[in-house]
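One structure below.
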Protein chains: 2
Amino acid sequence: MRYSEDHKAKTRQRIIDEASHLFRRDGVGATGLQPLMKALGLTHGGFYAHFKSKDELVEIALQHAAEQLKGSAEESLASDAPLPTFIARYLSTAHRASPGAGCPLPTMSAELGQRGQPSALTDQVIRDRLAMIEANLPIEQAAEQSVLMLSAMVGALLLSRSVQDPELSDRLLKTTRQLLIEQSEASSI
Amino acid sequence: MRYSEDHKAKTRQRIIDEASHLFRRDGVGATGLQPLMKALGLTHGGFYAHFKSKDELVEIALQHAAEQLKGSAEESLASDAPLPTFIARYLSTAHRASPGAGCPLPTMSAELGQRGQPSALTDQVIRDRLAMIEANLPIEQAAEQSVLMLSAMVGALLLSRSVQDPELSDRLLKTTRQLLIEQSEASSI
DNA sequence: TGTACATCAGTGAACGCGCGTTCACTGATGTAC
DNA sequence: TGTACATCAGTGAACGCGCGTTCACTGATGTAC
């Protein structure tokens with residue numbers, strides 16, 4: 001069948017969107033190309049008209065997630081209190097509930113690190129976030145504090161998602177959020 | 001063939017040790033039972049004389065890792081400065097280099113959380129570590145600080161292992177270590 | 001002391017299954033005449 | 001305006017592979033007589 005001019009580009013983007021979501025939600029290894037294509041109403045054979053391998057899609061989907069999250073972070077920057085807003089969003093119950101739409105670091109970095117050659121994109125995502133936090137921490141130790149804050153945010157979100165007991169999950173999320181916001185505000189005074 | 005009285009128990013323990021190591025190093029999904037048994041000089045069929053399923057082994061291997069780590073944490077408690085020692089060990093280059101012998105939280109919790117039903121053992125590991133940190137933080141906000149510290153340690157170790165650039169990896173590890181040790185010492189004064 | 005038998009940890013072929021990947025094919029549409 | 005042909009996104013069967021799991025079997029050793 002022949003389609004409109006940009007049809008293929010649109011299909012490609014649909015694959016990237018869905019993959020980016022499933023990779024973050026279920027993990028890369030646990031996401032098959034067959035179910036992925038089926039979820040879009042397509043058959044698996046067509047996949048290779050768009051990408052040369054699953055690995056290529058992993059890289060592109062991660063990049064897509066990174067750009068998406070950068071946009072979302074910039075929303076926080078536009079607010080009155082950029083850093084507290086960013087922290088509150090990152091450690092929100094909404095973010096915890098939607099790993100497929102959220103930061104790829106807590107969900108994908110362990111698996112990507114365990115693979116043969118980790119992606120250079122992980123470095124880039126981390127650097128971007130550190131720079132963003134640092135730029136909004138007007139204190140001497142901003143470079144150091146930003147590392148602690150990112151580590152704590154990624155760790156708290158990861159643990160809060162891995163736990164069975166909802167009360168413990170809330171405690172991990174909310175306590176980290178509260179302390180990090182305190183630190184970010186204390187330092188800007 | 002017949003073997004000595006405790007031969008089977010020893011084999012079982014060897015399987016648990018190896019699985020506990022490979023699950024943490026490579027991930028649960030990426031570790032096949034066939035390669036696991038082969039690494040011990042056994043054939044895969046014998047596996048089911050010891051465990052009723054891979055899932056059962058996952059649970060037992062995680063428990064084994066948790067106990068092992070608890071023992072290692074207690075070593076830190078015997079030192080002059082329990083908490084700084086624990087933090088320095090957790091965020092050491094040695095720990096970063098040996099995921100298979102280290103804390104299961106940065107390596108396994110994402111994958112276990114993504115599986116259908118996460119293990120209750122994850123809750124237990126987290127509670128144990130929080131209690132241990134809290135008991136060595138003689139300040140009012142010890143309960144809150146312990147959550148932040150554990151989150152930051154898990155996050156920093158995870159990210160430091162996921163990154164390509166050794167310099168960035170070192171920065172994540174060492175900066176978090178330094179700031180957390182400062183916090184733990186400041187609070188005990 | 002020597003022989004027959006029971007034990008049972010471990011063997012290895014086989015099962016169905018889903019994986020990533022390949023490829024000959026389809027068929028609706030745009031273009032050429 | 002009507003017909004023949006080219007295009008090419010998507011189809012779906014098939015590939016080899018490793019997975020978790022099952023099961024009839026092996027064979028060295030301990031026990032019974």
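All chains are named by letter (A, B, ...) in the order of the sequence lines, taking the proteins before the strands, and each is independently numbered beginning at 1. Computed over heavy atoms, backbone and side chain alike; hydrogens, waters and symmetry mates excluded.
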What's the NE2-C1' distance between A:His50 and C:dG20, to the nearest Å?
17 Å
Would A:Val28 and A:Leu105 show up in the same hydrophobic cluster when neighbours are defined by side-chain heavy atoms closer than 4.5 Å?
no
Starting from P on C:dT26, measure out to CG on A:Leu42 and report it in whole angstrom.
20 Å
Taking any strand in view, what nucleotide pairs with D:dG20 in a Watson-Crick or G-U wobble way, both distances under 3.5 Å?
C:dC15
Kindly say whether B:Glu134 contributes a backbone atom to a donor-acceptor pair with the side chain of B:Gln145 at under 3.5 angstrom?
no
Can you tell me how far C1' of D:dG20 sits from CZ of B:Arg115, to the nearest Å?
12 Å
Remember a base hit wins even if backbone is also touched, and classify B:Gly45 as base, sugar-phosphate or nothing at under 4.0 Å, heavy atoms.
base
Any B:Tyr48 side-chain nitrogen or oxygen under 4.0 Å from OP1 or OP2 of D:dT21:
yes
Nearest to the A:Lys54 side chain among D:dT11, C:dG20, C:dA14, which nucleotide is it?
C:dG20
Let's see if you can work this out: which of C:dA9, C:dT21, D:dT21 has an atom nearest to the side-chain heavy atoms of B:His7?
C:dA9
Please check if the side chain of B:Arg24 supplies one atom and the backbone of B:Ser20 the other of a donor-acceptor pair under 3.5 Å.
yes
Watson-Crick or G-U wobble partner of D:dT26, both distances under 3.5 Å:
C:dA9
Quick check: does any side chain N or O of A:Ser169 sit under 3.5 Å from a backbone N or O of A:Ser160, one acting as donor and the other as acceptor?
yes
Nearest-Å distance, CG (A:Leu33) to P (D:dG10)?
16 Å
Rounded to whole Å, CD of B:Gln34 lies from P of C:dA14 at a distance of 14 Å
Is the backbone N or O of A:Glu56 less than 3.5 Å from a side-chain atom of A:Ser53, with the two atoms forming a donor-acceptor pair by type?
yes
Under a 3.5 Å limit for both distances, which nucleotide forms a Watson-Crick or G-U wobble pair with D:dA32, could you say?
C:dT3
Atom NZ of A:Lys52 and atom C1' of C:dG20: how far apart are they, to the nearest Å?
14 Å
Residue closer to the 5' end of DNA chain C, B:His44 versus A:Ala30 (nearest nucleotide)
B:His44
C:dG12 C1' sits how many Å from B:Met37 CE, rounded?
12 Å
Atom-to-atom span, CG of B:Leu36 to P of D:dG20 - whole angstrom
9 Å
The side chain of B:Ser53 lies closest to which of these nucleotides: D:dT21, D:dC19, C:dA9?
D:dT21
